[in-house]
Amino acid sequence: GLNPKALQDLKIPFKTVLTVAGATPGYYPNQKDLITEIYYHTKTEEILGAELFGEVGVDKRVDVLSTAIYAKLKITDLGQLDLAYAPPFSPAKDPVVVSSFVTENILNNKSVQVSVEELNDFLNEKTLDDYTLIDVRTVQEYENGTIPNAINYPLDSLRSNIETIKTLNKPIIIFCQKGLRGYLAELILNHNNIKNIVNVAGGYKLWKMYSNKIEIPQAVLV
């Protein structure tokens, strides 16, 4: 498929969705994450290209996405695929399918993603008066490292801090370790009429890689 530079050169309007999901189930030994970034047409939602990075299971997902691009499937079509499942090879909800679910949430205004690159630019341009950065991971995760100036409201205690969060009255940037808990936090806050929220795609995992200047290898370009 096409990468962002090629899409920009061809002046093709596109959007990006990024997910970090387990290549195998969490209960299976030695789980490894798979980073999946898919580019799709802004209007038609047709899949235009994808990049994947991981230690295991990359080839399986590349085959699926290559076929999807050839067939001109929409990114929302991926959620309808019934892919092979067995614990040594894939979770019940494959990372490719998860990418589709995340995209549907974005298109249905249930979630707003921001990349770590966009977040870095934003933080460099703004002051603490302009935003609230919330880490919804556990206290232990937070103490082991977080994004500068982040406040820790663990997901399990988020509801008990709703009134405090409301008084902040500023745009909210939420993150967790990979993205899922951040999405759940979005739903909780939106349900309590707190708006103007974005979730960091890939969470602290990708932020740490980015801030440490560790380039994420473009291991496979579909």
Side-chain angles (χ1 to χ4, degrees), residues 1 3-5 7-8 14-26 28-40 49-62 65 91 94-96 98-99 101-103 105-106 111-126 131-155 172-186 197-222:
N3 64 18
K5 184 179 185 305
L7 290 167
Q8 292 165 359
F14 73 97
K15 291 183 179 180
T16 302
V17 62
L18 186 149
T19 58
V20 179
T24 53
Y28 198 76
N30 300 316
Q31 184 195 47
K32 302 293 184 180
D33 285 332
L34 184 68
I35 300 171
T36 305
E37 191 165 37
I38 301 177
Y39 316 112
Y40 62 98
E51 293 178 78
L52 299 93
F53 172 64
E55 295 183 46
V56 295
V58 176
D59 55 336
K60 167 182 167 66
R61 281 78 186 191
V62 166
L65 290 169
D94 191 88
V96 168
V98 170
S99 293
F101 290 161
V102 171
T103 305
N105 289 333
I106 293 171
S111 179
V112 180
Q113 273 197 351
V114 60
S115 70
V116 291
E117 294 88 353
E118 291 170 331
L119 175 61
N120 182 66
D121 291 341
F122 178 85
L123 297 181
N124 286 333
E125 294 172 0
K126 304 294 183 179
Y131 66 91
T132 298
L133 185 61
I134 299 179
D135 184 341
V136 297
R137 299 176 301 155
T138 64
V139 173
Q140 183 177 359
E141 288 175 298
Y142 176 79
E143 291 177 345
N144 286 336
T146 190
I147 300 175
N149 301 314
I151 304 170
N152 186 215
Y153 289 125
L155 181 64
I172 295 174
I173 304 166
I174 286 180
F175 68 95
C176 60
Q177 185 65 18
K178 302 176 186 178
L180 175 58
R181 283 176 287 175
Y183 167 64
L184 297 177
E186 278 186 276
I197 305 165
V198 298
N199 184 20
V200 179
Y204 183 69
K205 181 182 179 74
L206 288 194
W207 171 266
K208 187 175 181 180
M209 296 175 73
Y210 179 78
S211 61
N212 288 341
K213 307 301 180 185
I214 300 175
E215 183 177 356
I216 300 173
Q218 294 179 358
V220 179
L221 177 63
V222 179

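For the numbers below, each heavy atom of this structure counts, side chains included, while hydrogens, waters and symmetry mates do not. Along the sequence shown, the residues carry numbers beginning at 1.
- Of all heavy-atom pairs spanning Ala50 and Leu65, the tightest one is CB-CD1, 3.8 Å.
- With contacts defined as side-chain heavy-atom distances shorter than 4.5 Å, the pair Ile38/Thr103 does not qualify.
- If you run side-chain contact (heavy atoms from CB on, under 4.5 Å) between Val114 and each of Val198, Asp121, Ile174, only Val198 comes through.
- Contact annotation: the side chain of Val200 approaches that of Ile173 to within less than 4.5 Å [non-hydrogen atoms, C-beta and beyond].
- Scanning all heavy atoms of the two residues, the minimum distance from Pro95 to Ala23 falls at CG-CA, 4.4 Å.
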Exercise. Report the C-alpha distance between Val98 and Thr36 in whole Å, list the side-chain angles of each, state the deciding distance to 0.1 Å, and finish with yes or no for side-chain contact (heavy atoms from CB on, under 4.5 Å).
Key: CA-CA 10 Å; Val98 170; Thr36 305; over 6 Å; no
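- Counting heavy atoms from C-beta on, the side chains of Val136 and Leu184 never come closer than 4.5 Å.
- A 6.0 Å sphere centred on CG of Asn30 holds no more than 12 heavy atoms belonging to other residues, nucleotides or ligands.
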Quiz item: Step by step, would you call Arg181 with Thr138 a side-chain contact (heavy atoms from CB on, under 4.5 Å)?
Solution: CA-CA 10 Å; Arg181 283 176 287 175; Thr138 64; 4.2 Å; yes
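- Ile134 contributes atom CD1, which lies 12.0 Å from atom CD1 of Ile147 (distance to the nearest 0.5 angstrom).
- Gln113 contributes a side-chain N or O that, together with a main-chain N or O of Leu18, makes up a donor-acceptor pair within less than 3.5 Å.
- In plain terms, the two heavy atoms of Leu52 and Leu34 that are nearest each other are CD2-CD2, 4.3 Å.
- Under a 3.5 Å cut-off, the side chain of Arg61 and the backbone N or O of Asp94 do not form any donor-acceptor pair.
- Here the closest non-hydrogen pair linking Leu206 and Ala201 is CD1-O, 4.0 Å.
- The minimum heavy-atom distance linking Asn3 with Tyr39 is given by the pair CA-CE1, 4.3 Å.
- Taking the side chain as every heavy atom from C-beta outward, Glu186 and Asn105 never approach each other to under 4.5 Å.
- By the 4.5 Å heavy-atom criterion applied to side chains, Phe14 and Pro4 are counted as neighbours.
- Between Asn152 and Thr146 there is no side-chain heavy-atom pair separated by less than 4.5 Å.
- Using a 4.5 Å heavy-atom cutoff, the side chains of Asp135 and Phe175 are in contact.
- Under a 3.5 Å cut-off, the side chain of Asn144 and the backbone N or O of Gln140 do form a donor-acceptor pair.
- For the pair Asn199 and Tyr183, the tightest heavy-atom approach, listed with the atom from each and the gap, is ND2-N, 3.3 Å.
- For residues 31-40, the set of pairs meeting the salt bridge (Lys or Arg N to Asp or Glu O under 4.0 Å) definition, not counting sequence neighbours, comprises Lys32-Glu55, Asp33-Lys178, Asp33-Lys205.
- Residue pairs that meet the ring-ring contact (aromatic ring centres under 6.0 Å, His included) test with at least one member in residues 131-151, sequence neighbours left out, are Phe122-Tyr131.
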